[in-house]
Amino acid sequence: MLPVYLTHFWRTQYLKSQINSKAKKAVNQASVNQQDVIGLLVPQPPIGLQKLFSNIVEKVEGITSRYQQSLNDLEALHGALSQRAFKGELDLSRVALPATPIEGESPVAAAMPTPITTPVIELPETDLLLPALQDRTQLAPLLRFWLVAYRTQLGGAAFSLERFIAAAQIRLAELHPDHDFALDASDYEAIKAWVFDEIRNGKLKQTRDIICIDGRRQFGNQILLRARRLSQQ
């Protein structure tokens, strides 16, 4: 058997149930002996299926590693945006004022944040995809095309750079599974530039989250980006 298959099989509930059924209970511990281990039943799929499973595991672990790096890069980007906001380098003049306080609102209920709907991101196929896979310098037009598609799907939800990057990475893998293509720091810079352009052009508006304390609605500390409605443009 391939080590990858056997290693993951040992993590299954099926094997754990066998071990639990053979374990000898004692005070604060349980044990199994060598004969118990020899008697464990381990399915042996054809080697072709084991190789397929190993390939899937390798791809999943690679995607997990890239997503972790993406999260680190996103945290750095969020910090940069926050610094620009607090330095006054982002235009907050059009942030909406808090709504009128709701009388009789329970302080406990008011402490609960308002749910934010997160629509499914659907990134369309485009002729820009193949050139981007062949030449990374052509990736920026593809990302901008998909970013516009994402913005039009936002509705009242807040723009999420993390969700967009995850959706773009998954879409790339769906359309061209043979390409081991991952977004890197230069791609984040292109996305960041698009965000600032959309803010300047009025396509995205800057707002802040609203929280309720003791029945009164006020601004929170989180800066949000939302799509500006057609009637507001």
Side-chain angles (χ1 to χ4, degrees), residues 1-78 118-140 142-143 146-147 149-150 153 160-191:
M1 293 188 209
L2 296 182
V4 172
Y5 163 73
L6 193 57
T7 299
H8 282 77
F9 175 76
W10 275 84
R11 301 173 183 173
T12 64
Q13 187 59 44
Y14 174 68
L15 190 69
K16 291 178 182 178
S17 298
Q18 292 188 65
I19 295 175
N20 289 334
S21 67
K22 296 176 181 295
K24 282 77 174 175
K25 302 296 188 297
V27 178
N28 295 328
Q29 66 178 6
S31 62
V32 293
N33 57 35
Q34 185 175 0
Q35 289 301 119
D36 294 328
V37 175
I38 293 175
L40 294 174
L41 299 177
V42 180
Q44 186 177 7
I47 192 66
L49 287 178
Q50 293 187 47
K51 289 181 179 179
L52 177 60
F53 175 79
S54 298
N55 291 337
I56 293 174
V57 169
E58 182 179 357
K59 288 183 178 294
V60 169
E61 290 178 347
I63 291 174
T64 301
S65 176
R66 292 197 295 268
Y67 279 179
Q68 184 58 54
Q69 182 60 46
S70 297
L71 288 175
N72 295 338
D73 294 333
L74 286 170
E75 289 178 358
L77 178 57
H78 178 269
T118 53
V120 176
I121 303 176
E122 297 182 359
L123 302 179
E125 293 190 46
T126 169
D127 293 337
L128 298 171
L129 178 58
L130 189 57
L133 293 175
Q134 296 173 343
D135 181 3
R136 290 199 69 97
T137 61
Q138 301 300 315
L139 184 59
L142 171 65
L143 292 176
W146 276 349
L147 282 162
Y150 173 37
Q153 299 170 34
S160 170
L161 182 59
E162 178 182 356
R163 292 189 67 238
F164 170 76
I165 290 178
Q169 193 71 67
I170 292 173
R171 190 65 169 138
L172 287 168
E174 289 176 347
L175 296 175
H176 288 272
D178 296 334
H179 285 73
D180 188 14
F181 199 93
L183 301 178
D184 57 25
S186 62
D187 304 321
Y188 303 139
E189 290 298 319
I191 296 173

Ring pair (Phe, Tyr, Trp, His ring centres under 6.0 Å) contacts touching residues 16-55 (sequence neighbours left out): H8-F53
Contacts of type side-chain hydrogen bond (donor to acceptor under 3.5 Å, both in side chains), residue E189, not counting sequence neighbours: K192
Verdict with reasoning, V37 to K22, per side-chain contact (heavy atoms from CB on, under 4.5 Å): CA-CA 9 Å; V37 175; K22 296 176 181 295; over 6 Å; no
With Y5 via side-chain hydrogen bond (donor to acceptor under 3.5 Å, both in side chains) - residues at least two apart: none
L41 to L15 - nearest heavy-atom pair and separation: O-CD1, 4.4 Å
D36: side-chain hydrogen bond (donor to acceptor under 3.5 Å, both in side chains) partners, not counting sequence neighbours: K24
N33 atom CG: more than 12 heavy-atom contacts under 6.0 Å: yes
For P124, side chain to side chain contact (heavy atoms under 4.5 Å, CB included) partners two or more places apart: F145, W146, A149
Separation between CG of L40 and CD1 of I19, rounded to the nearest 0.5 Å: 5.5 Å
Salt bridge (Lys or Arg N to Asp or Glu O under 4.0 Å) partners of E122, counting only residues at least two apart: none
L129 side, atom CG; Q134 side, atom CD - distance, nearest 0.5 Å: 9.5 Å
Residue pairs passing the side-chain hydrogen bond (donor to acceptor under 3.5 Å, both in side chains) test where at least one lies in residues 38-57, sequence neighbours excluded: none
Minimum heavy-atom distance R163-I121, with the two atoms named: O-CD1, 3.6 Å
Partner set under side-chain hydrogen bond (donor to acceptor under 3.5 Å, both in side chains) for S21, not counting sequence neighbours: none
Counterpart residues, side chain to side chain contact (heavy atoms under 4.5 Å, CB included), relative to A132 (two or more places apart): L139, L142
Nearest heavy-atom neighbours spanning K25 and N20: NZ-O, 3.8 Å
Counterpart residues, ring pair (Phe, Tyr, Trp, His ring centres under 6.0 Å), relative to F9 (two or more places apart): none
Residues which pass side chain to side chain contact (heavy atoms under 4.5 Å, CB included) with Q13, listed by chain and number, not counting sequence neighbours: K16, S17
Interatomic distance, L143 atom CG to Y150 atom OH [nearest 0.5 angstrom]: 14.0 Å
CD/Q138: more than 12 non-hydrogen atoms of other groups inside 6.0 Å: yes
Can you give me every donor-acceptor pair (side chain of residues 164-172, partner residue at least two apart or in another chain, under 3.5 Å) with its distance?
{"unit_1": "Q169", "atom_1": "OE1", "unit_2": "L183", "atom_2": "N", "d": "3.2"}
{"unit_1": "Q169", "atom_1": "NE2", "unit_2": "F181", "atom_2": "O", "d": "2.3"}
{"unit_1": "R171", "atom_1": "NE", "unit_2": "L123", "atom_2": "O", "d": "2.6"}
{"unit_1": "R171", "atom_1": "NH1", "unit_2": "E174", "atom_2": "OE1", "d": "3.4"}
{"unit_1": "R171", "atom_1": "NH2", "unit_2": "L123", "atom_2": "O", "d": "3.3"}

